[in-house]
Amino acid sequence: MENGAAPTAKPVIVAIDGPSGTGKSSTSKAVAAQLGLSYLDTGAQYRAITWWMVTNGIDLEDPTAIAAVAGKPEIVSGTDPAAPAITVDGVDVAGPIRTQEVTSKVSAVSAVPEVRARITELQRSLAAAAANGIVVEGRDIGTTVLPDADLKIFLTASPEARAARRSGELKGADVAATREALIKRDAADSSRKTSPLAKAGDAVEVDTTELTLAQVIECVVTLVEEKRAGK
Ligand SMILES: Nc1ncnc2c1ncn2[C@@H]1O[C@H](COP(=O)(O)OP(=O)(O)O)[C@@H](O)[C@H]1O
Ligand SMILES: Nc1ccn([C@H]2C[C@H](O)[C@@H](COP(=O)(O)OP(=O)(O)O)O2)c(=O)n1
């Protein structure tokens, strides 16, 4: 090494996909923080564009109407795992994108090809700009957005475990109703024509049903470190 400079590690790109409630966001944030990587929540981007469409009265039953305005909102995502941030046209929407209304409409908006093309472009440019590498979580990261990712993980868990986790977050929510809503959203996300929720052929599947969050984080950190070591 010239001038005794430390060798710079090649940026590592990690794609984490899976259905709702499998632990993608919590795991990705913790892994990125632990390894000094950037972090991108792509679901938040689809939620943000959905929030904008709802706020602007776009007819969400009409894919043509959604496609016509897909390029309008300016969506900016922060990539610091310690402070995930998202704005639409300069407005902080981190809270409003988590409402039931947005959750119930996000699958319809994210199925529109023009919406996906727009958001996919944003995701690729953020990944390319991450100096140390990035953990990107979503539904189609390993299959479509970053097919050359260094490591692909597909998280799964039983519908019961996922519903229990989600209703724990939405204080007092009925577990059975949460389970039905999750299953419905997963079915819509898995059956759309354009880049559906799917496991990439070269992804490592981790079933988190019986694992604690700490165990899942440790498992993914080990997989990233093994990749970096060239194992
Ligand atoms: N292995 C796990 N065991 C128990 N709870 C978990 C586990 N992984 C995540 N959680 C909790 O479940 C909820 C949903 O996790 P989240 O990371 O948001 O999932 P996703 O991003 O896949 O929808 C969060 O409250 C999180 O703390
Ligand atoms: N890469 C992605 C990420 C999310 N989406 C869509 C489909 C999902 O139902 C919504 C919301 O994703 P999000 O990860 O926020 O969902 P949950 O945290 O699991 O409730 O966005 C997508 O189509 N592609």
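In each ligand, atom 1 is the first atom listed, and ligand 1 is the first ligand listed. For clarity, every value in this text was computed on a predicted model and none was experimentally measured.
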Novice: Less than 4.0 angstrom from a charged side-chain N to a carboxylate O is my criterion; do Asp41 and Arg98 meet it?
Specialist: yes
Novice: For atom 4 (C) of ligand 1, grab the closest protein heavy atom and report residue, atom and distance to one decimal in Å.
Specialist: Arg165 NE, 3.6 Å
Novice: Between Arg116 and Asp140 (salt bridge meaning N to carboxylate O under 4.0 Å), is one present in this structure?
Specialist: yes
Novice: With side-chain contact (heavy atoms from CB on, under 4.5 Å) as the test, would you mind laying out the steps for Val106 and Ile97 before giving the verdict?
Specialist: CA-CA 10 Å; Val106 64; Ile97 62 169; over 6 Å; no
Novice: So, Asp92 and Thr87: side-chain donor and acceptor under 3.5 Å apart, yes or no?
Specialist: no
Novice: Quick one about Ser77 and Gln45 (side-chain donor to acceptor, distance below 3.5 Å, no hydrogens or angles considered), yes or no?
Specialist: yes
Novice: Number the atoms of ligand 1 from 1 as they appear, then name those within less than 4.0 Å of a heavy atom of Lys24, with their elements.
Specialist: 17 (O), 19 (O), 20 (P), 21 (O), 22 (O), 23 (O)
Novice: Measure and list all N/O to N/O distances between ligand 2 and the protein that fall under 3.5 angstrom.
Specialist:
{"residue": "ligand 2", "atom": "1 (N)", "partner": "Thr42", "partner atom": "OG1", "Å": "3.0"}
{"residue": "ligand 2", "atom": "1 (N)", "partner": "Arg139", "partner atom": "N", "Å": "3.1"}
{"residue": "ligand 2", "atom": "1 (N)", "partner": "Asp140", "partner atom": "OD1", "Å": "2.8"}
{"residue": "ligand 2", "atom": "9 (O)", "partner": "Arg185", "partner atom": "NH1", "Å": "2.9"}
{"residue": "ligand 2", "atom": "9 (O)", "partner": "Asp189", "partner atom": "OD2", "Å": "2.6"}
{"residue": "ligand 2", "atom": "14 (O)", "partner": "Arg139", "partner atom": "NH1", "Å": "3.1"}
{"residue": "ligand 2", "atom": "15 (O)", "partner": "Arg47", "partner atom": "NE", "Å": "2.7"}
{"residue": "ligand 2", "atom": "16 (O)", "partner": "Arg139", "partner atom": "NH2", "Å": "3.2"}
{"residue": "ligand 2", "atom": "16 (O)", "partner": "Arg185", "partner atom": "NH1", "Å": "3.3"}
{"residue": "ligand 2", "atom": "18 (O)", "partner": "Arg166", "partner atom": "NH2", "Å": "2.9"}
{"residue": "ligand 2", "atom": "19 (O)", "partner": "Ser20", "partner atom": "OG", "Å": "2.8"}
{"residue": "ligand 2", "atom": "19 (O)", "partner": "Arg139", "partner atom": "NH2", "Å": "3.1"}
{"residue": "ligand 2", "atom": "19 (O)", "partner": "Arg166", "partner atom": "NH2", "Å": "3.3"}
{"residue": "ligand 2", "atom": "20 (O)", "partner": "Ser20", "partner atom": "OG", "Å": "3.2"}
{"residue": "ligand 2", "atom": "20 (O)", "partner": "Arg47", "partner atom": "NH2", "Å": "3.0"}
{"residue": "ligand 2", "atom": "20 (O)", "partner": "Arg166", "partner atom": "NH2", "Å": "3.3"}
{"residue": "ligand 2", "atom": "20 (O)", "partner": "Arg185", "partner atom": "NH1", "Å": "3.3"}
{"residue": "ligand 2", "atom": "20 (O)", "partner": "Arg185", "partner atom": "NH2", "Å": "2.8"}
{"residue": "ligand 2", "atom": "23 (O)", "partner": "Arg116", "partner atom": "NH1", "Å": "2.8"}
{"residue": "ligand 2", "atom": "23 (O)", "partner": "Arg116", "partner atom": "NH2", "Å": "3.4"}
{"residue": "ligand 2", "atom": "23 (O)", "partner": "Arg192", "partner atom": "NH1", "Å": "2.8"}
{"residue": "ligand 2", "atom": "23 (O)", "partner": "Arg192", "partner atom": "NH2", "Å": "3.1"}
{"residue": "ligand 2", "atom": "24 (N)", "partner": "Arg116", "partner atom": "NH2", "Å": "2.9"}

Novice: For ligand 1, is there an atom lying under 4.0 Å from some heavy atom of Pro19?
Specialist: yes
Novice: For Leu211, counting its heavy atoms only, list the atoms of ligand 1 lying under 4.0 Å from any of them.
Specialist: 1 (N), 2 (C), 3 (N)
Novice: To the nearest 0.1 Å, how far is atom 21 (O) of ligand 1 from its closest protein heavy atom, and which atom is that?
Specialist: Ser25 N, 2.9 Å
Novice: Gly18: heavy atom below 4.0 Å from ligand 1, yes or no?
Specialist: no
Novice: If the cut-off is 4.0 Å to any non-hydrogen atom of Arg166, which atoms of ligand 1 fall inside it?
Specialist: 14 (C), 18 (O), 19 (O), 20 (P), 23 (O)
Novice: Using side-chain heavy atoms (C-beta onward) and a distance below 4.5 Å, is Asp17 in contact with Ile153?
Specialist: no
Novice: Would you call Lys152 and Asp202 a salt bridge, taking side-chain N to carboxylate O under 4.0 Å as the test?
Specialist: yes
Novice: Keeping Thr209 on the side-chain end and Ser158 on the backbone end, is there a donor-acceptor pair under 3.5 Å?
Specialist: yes
Novice: Quick one: do Ile75 and Val145 end up in the same hydrophobic cluster if we chain Ile, Leu, Val, Met, Phe, Trp and Tyr together by side-chain heavy atoms under 4.5 Å apart?
Specialist: no
Novice: Note the single closest protein heavy atom to atom 15 (O) of ligand 1, along with its residue, its atom name and the distance in Å.
Specialist: Ser26 OG, 3.5 Å
Novice: Give me the nearest non-hydrogen protein atom to atom 24 (C) of ligand 1 as residue plus atom name, then the distance to 0.1 Å.
Specialist: Glu169 OE2, 3.2 Å
Novice: Which ligand 1 atoms are under 4.0 Å away from a heavy-atom of Gly23?
Specialist: 8 (N), 9 (C), 15 (O), 16 (P), 17 (O), 19 (O), 20 (P), 22 (O)
Novice: Does one side chain, of Ser167 or Arg162, offer a donor that lies under 3.5 Å from an acceptor on the other?
Specialist: no
Novice: Do Arg118 and Gln123 come close enough that some side-chain heavy atom pair is under 4.5 Å?
Specialist: no
Novice: Below a 4.0 angstrom heavy-atom separation, can you tell me which part of Leu155, side chain or backbone, both or neither, approaches ligand 1?
Specialist: neither
